[in-house]
2 protein chains.
Amino acid sequence: MATPAISRLQRTPDSIVEKTVEIDTKSRILDAAEELFMEHGFEATSLRLITTAANVNLAAVNYHFGSKEELFQAVLTRRLDPMNQDRMQLLTAYESVSNGGALTCEKIISAMFIPALKLARDHQQGGKNFLRLLGRAYADPAPFIRQFLSSQYVEMIVRFRAAFARALPHLEREEVSWRLHFVMGALSYTLAGTDALKMIAQFHPEEIDNDELLLKRLAPFLAAGLRAPVQSGDTHQWFQET
Amino acid sequence: MATPAISRLQRTPDSIVEKTVEIDTKSRILDAAEELFMEHGFEATSLRLITTAANVNLAAVNYHFGSKEELFQAVLTRRLDPMNQDRMQLLTAYESVSNGGALTCEKIISAMFIPALKLARDHQQGGKNFLRLLGRAYADPAPFIRQFLSSQYVEMIVRFRAAFARALPHLEREEVSWRLHFVMGALSYTLAGTDALKMIAQFHPEEIDNDELLLKRLAPFLAAGLRAPVQSGDTHQWFQET
DNA sequence: GCTAGTTTCAAACAAGCGTTTGATTGAGAT
DNA sequence: ATCTCAATCAAACGCTTGTTTGAAACTAGC
């Protein structure tokens, strides 16, 4: 009757850790799932596709993770949680250097971007896959994805909003929230790498997959946007025809 | 054997057009599909869900549209094509007024935003649904969606990239392409309305669903980003720790 | 060698999927 | 009244989905 245990204890072979090409079943599933979820999305990726690519039995997913949804969450947390931890740590480091003075927008953006860049570089293939997957999860309508992401981001967002509010004292608190929202949207959208529209834009081929160059173009764009003057209220300079 | 005709001729009742509450089966399907695709995404929305909501027979989708994919494309074109047509028309109008002089970034952005705003307002519920659906389709990995979208956008993008290039003569052509890419990303991402992260940002409740106010905040942000100075090449002001 | 516990495996499960079929309806044309 | 053809319908098709099952294999500890 009861669920198949999912015991997290699993006595590890504490004698000699196998460092050979043999990889843990759980990790093999996570790696395959990361790539396939990125490629086809959550709904369109079947467990049979994942387990075949990972060379494990079909039932292994439900045994180790409980369900397809929990597998998806595990794929996300594995890298998202450390990345957001890095971001906050970096922000704290910058702040302690600045001796109580407000940081520049560039510095704060750096604290957001550098951990993402590290991910794109370190695990040379897997990391980039993950960033694309994350960008797509951002736009996924599935409720369990949305509430999972917001719970993962809430702490980081509070910290960075406070930092931006100090860097941009002339802006109302609400305007700061919106602009942070825009920044995170542009970042996730850009990292998601919607190839179709990129082809339209006829970029140089060597740039199209170079996340570093990409973020170097995006960061100044966003910094300037953050510093933009506030809209003069009632004059309706924008959005009237003729 | 052969496919069930899908004849587009369908003799319309040319005598007296029924203007009562009776709506065309095709339109009922499109309306229901628009809302449900927006809510659950393409893969997670079944034809049975759509046809039940539309109060039509299950086979009606395959009869009128041919397949689920073609239905999705029909949902998109119905409003996307006129919107992009409006955008280009508006841009042309602005340009003819300016007597050959380059437009400001604000004007060009207006030409992109106003048709989207009209959609959000006119069909008070359906239009907003559509914008959210569009934002999500932007991030969908399904190949048929990606290539459909790029074919729908290619003409508009060429026109607007040329306009931005004239407005920003100090930027290289490639930089302009990237910034247009960022603008379209921010726009679609913002209109997609990722509710989860909005809740985090603790906005005023009356603003959260007011697309007009939303775009009034986004437009100055993007205009400032477009005008940002180019990154000084090798100095690596960005993205190095400490 | 026995035992206990974790992990793997092939097989099956019920449910849902997109699509097709063939009959039935209903309105306009001859 | 008859013919025609687009439109609707209930039913079924073949297939895939996520999950469950119970036995087998494997790995320590004693």
Side-chain angles (χ1 to χ4, degrees), chain A residues 1-18 22-30 32-33 36-37 40-75 142 144-145, chain B residues 1-18 22-30 32-33 36-37 40-75 142 144-145:
Chain A
M1 256 309 106
T3 67
I6 316 179
S7 68
R8 288 280 158 277
L9 313 176
Q10 51 181 355
R11 61 178 87 167
T12 56
D14 47 9
S15 54
I16 297 174
V17 182
E18 295 206 21
E22 283 286 339
I23 312 178
D24 190 29
T25 297
K26 273 178 76 167
S27 301
R28 285 222 305 282
I29 294 176
L30 285 173
L36 289 169
F37 280 145
H40 307 111
F42 175 75
E43 296 283 351
T45 305
S46 72
L47 290 184
R48 283 164 177 84
L49 209 64
I50 294 173
T51 52
T52 300
N55 255 302
V56 301
N57 189 271
L58 169 62
V61 167
N62 290 277
Y63 177 78
H64 285 286
F65 298 94
S67 69
K68 188 186 178 188
E69 291 195 359
E70 288 169 281
L71 167 62
F72 189 80
Q73 293 177 349
V75 168
F144 87 95
I145 295 180
Chain B
M1 254 309 105
T3 66
I6 317 179
S7 68
R8 288 279 156 279
L9 313 178
Q10 51 180 357
R11 62 180 88 167
T12 55
D14 46 8
S15 53
I16 299 175
V17 181
E18 295 207 20
E22 282 286 338
I23 313 179
D24 191 31
T25 297
K26 273 178 75 168
S27 301
R28 286 222 304 282
I29 294 177
L30 285 172
L36 289 168
F37 281 144
H40 307 112
F42 175 75
E43 297 281 352
T45 304
S46 72
L47 290 184
R48 283 166 177 83
L49 210 62
I50 294 173
T51 52
T52 300
N55 255 301
V56 301
N57 188 270
L58 169 61
V61 168
N62 291 275
Y63 178 77
H64 285 287
F65 298 94
S67 68
K68 188 187 178 187
E69 290 195 359
E70 288 169 280
L71 167 62
F72 188 80
Q73 292 177 351
V75 168
F144 88 93
I145 294 179

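Residue numbers begin at 1 in each chain, while the letters A, B, ... track the order of the sequences.
- Rounded to an integer number of Å, the gap from B/Asp24 CG to D/dA6 P is 16 Å.
- Evaluation of the side-chain hydrogen bond (donor to acceptor under 3.5 Å, both in side chains) rule for A/Ser67 yields A/Glu70 as partners, not counting sequence neighbours.
- A pairwise comparison of heavy atoms in B/Val56 and B/Arg28 identifies CG1-NH2, 3.5 Å as the closest pair.
- A straight line from CZ of A/Arg28 to C1' of C/dC9 spans 14 Å, rounded to a whole angstrom.
- Residues A/Phe65 and A/Gln73 are not in side-chain contact: their nearest non-hydrogen atoms beyond the backbone lie 4.5 Å or more apart.
- Checked against side-chain contact (heavy atoms from CB on, under 4.5 Å), B/Ala44 has the following partners two or more places apart in sequence or in another chain: A/Glu43, B/His40.
- Once rounded to the nearest 0.5 Å, the distance linking CG of B/Leu30 with CD1 of B/Ile23 reads 11.5 Å.
- Under 4.0 angstrom from either OP1 or OP2 of C/dT8 there lies at least one side-chain N or O belonging to A/Thr25.
- For A/Leu47, the side-chain contact (heavy atoms from CB on, under 4.5 Å) partners two or more places apart in sequence, or in a different chain, are A/Ile50, A/Leu58, A/Val61, A/Asn62, A/Lys68, A/Leu71.
- When rounded to the nearest whole Å, the span between NZ of A/Lys68 and C1' of D/dT16 equals 11 Å.
- Across all non-hydrogen atoms, the minimal contact from A/Asn57 to A/Thr51 is O-CG2, 3.6 Å.
- Evaluation of the side-chain hydrogen bond (donor to acceptor under 3.5 Å, both in side chains) rule for A/Thr52 yields no partner, not counting sequence neighbours.
- Rounded to an integer number of Å, the gap from A/Phe65 CZ to C/dT7 P is 12 Å.
- Note: CD (B/Glu43) to P (C/dG16) measures 18 Å, nearest angstrom.
- Picking from D/dT19, C/dC9, C/dG18 the nucleotide with the shortest atom distance to the side chain of A/Ala59 gives C/dC9.
- Checking C/dT8, C/dA10, C/dT20 against the side-chain heavy atoms of A/Tyr63 singles out C/dT8 as nearest.
- The strand DNA chain D forms stems, runs of 3 or more Watson-Crick or G-U wobble pairs with distances below 3.5 Å, at C:1-28 with D:3-30.
- Applying the 4.0 Å criterion to OP1 and OP2 of D/dA6, one finds that B/His64 has every side-chain N and O outside that range.
- Near DNA chain D, meaning a heavy atom under 4.0 Å away, the residues from residues 44-58 of chain A are A/Thr45, A/Ser46, A/Leu47, A/Arg48, A/Leu58.
- Counting to the nearest Å, the C1' atom of D/dA7 and the CD1 atom of B/Ile29 are 11 Å from each other.
- A straight line from CZ of B/Phe42 to C1' of C/dC17 spans 12 Å, rounded to a whole angstrom.
- Atoms CD1 (B/Ile23) and C1' (D/dT8) sit 18 Å apart, rounded to a whole Å.
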